[in-house]
Amino acid sequence: MNTPTTPMHTPATALTQDELKTLVGQAALQYVVPGEIVGVGTGSTVNKFIDALASIKEQIKGAVSSSVASTARLQALGIAVFDCNDVERLSVYIDGADEIDGQGNMVKGGGAALTREKIVAAQSARFVCIADESKLVQTLGAFPLPVEVIPMATRRVLAQFAAKGGVGHIRLKDGKPLVTDNGQYIIDVTGLQIADPLAFEAEVSQWPGVVTVGVFAFQRAQVCLLGTASGVKTLEF
Ligand code: 5RP
């Protein structure tokens with residue numbers, strides 16, 4: 001991992017997690033290419049990026065969004081949202097992560113948007129991850145791994161994770177299974193140590209009924225803007 005550490009801001013007092021998210025959201029603007037369409041992820045950190053993006057909205061064509069929630073926020077701020085299918089290639093995709101390791105591999109899907117996130121990331125030349133330093137890990141797997149599944153496959157997929165030592169649960173919302181933007185369920189799996197993210201992603205993606213596994217190794221980050229106590233660190237992978 002290459003770690004040029006260019007603090008963009010050195011705070012006198014400790015910043016809150018929310019303030020760190022604001023810092024990295026603003027720092028991500030430097031990766032937005034004027035005149036182009038930018039890929040936009042989902043989550044509380046990305047919300048800070050979207051708010052910052054509004055300040056330069058006249059300089060971009062618009063965005064491709066990875067969720068209904070991000071689309072609504074972008075549009076409310078007057079940023080045009082394009083359908084993924086109407087755009088050939090994006091130069092950059094900006095998104096958060098639940099975990100990121102020293103090679104740019106990530107666990108994502110805490111906000112249940114992993115499938116569209118992976119699609120937009122795959123369409124982008126560069127993935128810039130924005131995260132506070134609590135997300136940086138040595139080995140992926142401490143954060144419960146989100147997996148989007150076709151509802152009828154839930155039991156089978158849970159059993160396949162159990163055979164790997166994982167314990168999975170259907171994610172609930174208001175006491176009922178959460179239904180994603182794509183009409184599917186999410187299971188969250190604990191107890192996994194993901195030592196080889198690429199092999200893990202390749203394997204689980206083959207299981208019948210798995211729509212998307214929340215390991216992003218094929219679509220790993222090339223850059224991570226990490227909010228730390230001493231400012232924004234830029235990690236390049
Ligand atoms: C949503 C995601 C988010 O990027 C991830 O959950 C991080 O979210 P936050 O910025 O709120 O911590 O993958 O599906």
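Throughout, numbering of the chain's residues begins at 1 and tracks the sequence. All ligand and atom numbering here is 1-based and tracks the order in the structure.
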Task: Residue E117 vicinity, atoms of ligand 1 by number, heavy atom under 4.0 Å - done: 1 (C), 2 (C), 13 (O), 14 (O)

Give the table of side-chain donor-acceptor pairs shorter than 3.5 Å for residues 205-213, with sequence neighbours excluded, one pair per line with atom names and distance.
residue, atom, partner, partner atom, Å
S205, OG, E201, O, 2.6
T212, OG1, T115, OG1, 2.7

Open item on the list: As an exercise, identify every atom of ligand 1 less than 4.0 angstrom from a heavy atom of K21.
Closed with: 12 (O)

Open item on the list: Counting non-hydrogen protein atoms only, what is the nearest one to atom 6 (O) of ligand 1? Give residue, atom name and distance.
Closed with: D98 OD1, 2.6 Å

Open item on the list: I'd like to check which ligand 1 atoms, numbered from 1 as shown, lie under 4.0 Å from a non-hydrogen atom of G96.
Closed with: 4 (O)

Open item on the list: V68: which residues meet the side chain to side chain contact (heavy atoms under 4.5 Å, CB included) condition with it, sequence neighbours left out?
Closed with: R116, D181

Task: Per-atom contacts of ligand 1 with G109, taking only distances under 4.0 Å to non-hydrogen atoms - done: 2 (C), 13 (O), 14 (O)

Task: Region of A97 engaging ligand 1 - heavy atom pairs below 4.0 Å - done: backbone

TODO: Can you figure out which of K108, K118, R116, M106 has its heavy atom closest to atom 4 (O) of ligand 1?
DONE: K108

TODO: Could you tell me which atoms of ligand 1, counted from 1 in the order shown, lie closer than 4.0 angstrom to a heavy atom of A112?
DONE: 14 (O)

Open item on the list: Tell me whether ligand 1 is touched by G41 - counting only heavy atoms on the residue side and a distance under 4.0 Å.
Closed with: no

- [ ] Could you tell me whether A113 and ligand 1 have an N or O pair separated by under 3.5 Å?
- [x] yes

Open item on the list: Considering non-hydrogen atoms of the protein only, which is the closest contact for atom 9 (P) of ligand 1, and what is the distance?
Closed with: S44 OG, 3.3 Å

TODO: Ignoring hydrogens and angles, state whether a donor on the side chain of S134 or D132 is under 3.5 Å from an acceptor on the partner side chain.
DONE: yes

Task: Whether over 12 other heavy atoms sit under 6.0 Å from K57 NZ - done: yes

- [ ] Could you list the atoms of ligand 1 found under 4.0 angstrom from a heavy atom of D95?
- [x] 4 (O)

- [ ] Identify, for atom 3 (C) of ligand 1, the protein heavy atom at the shortest distance, and state residue, atom and that distance.
- [x] T42 O, 3.2 Å

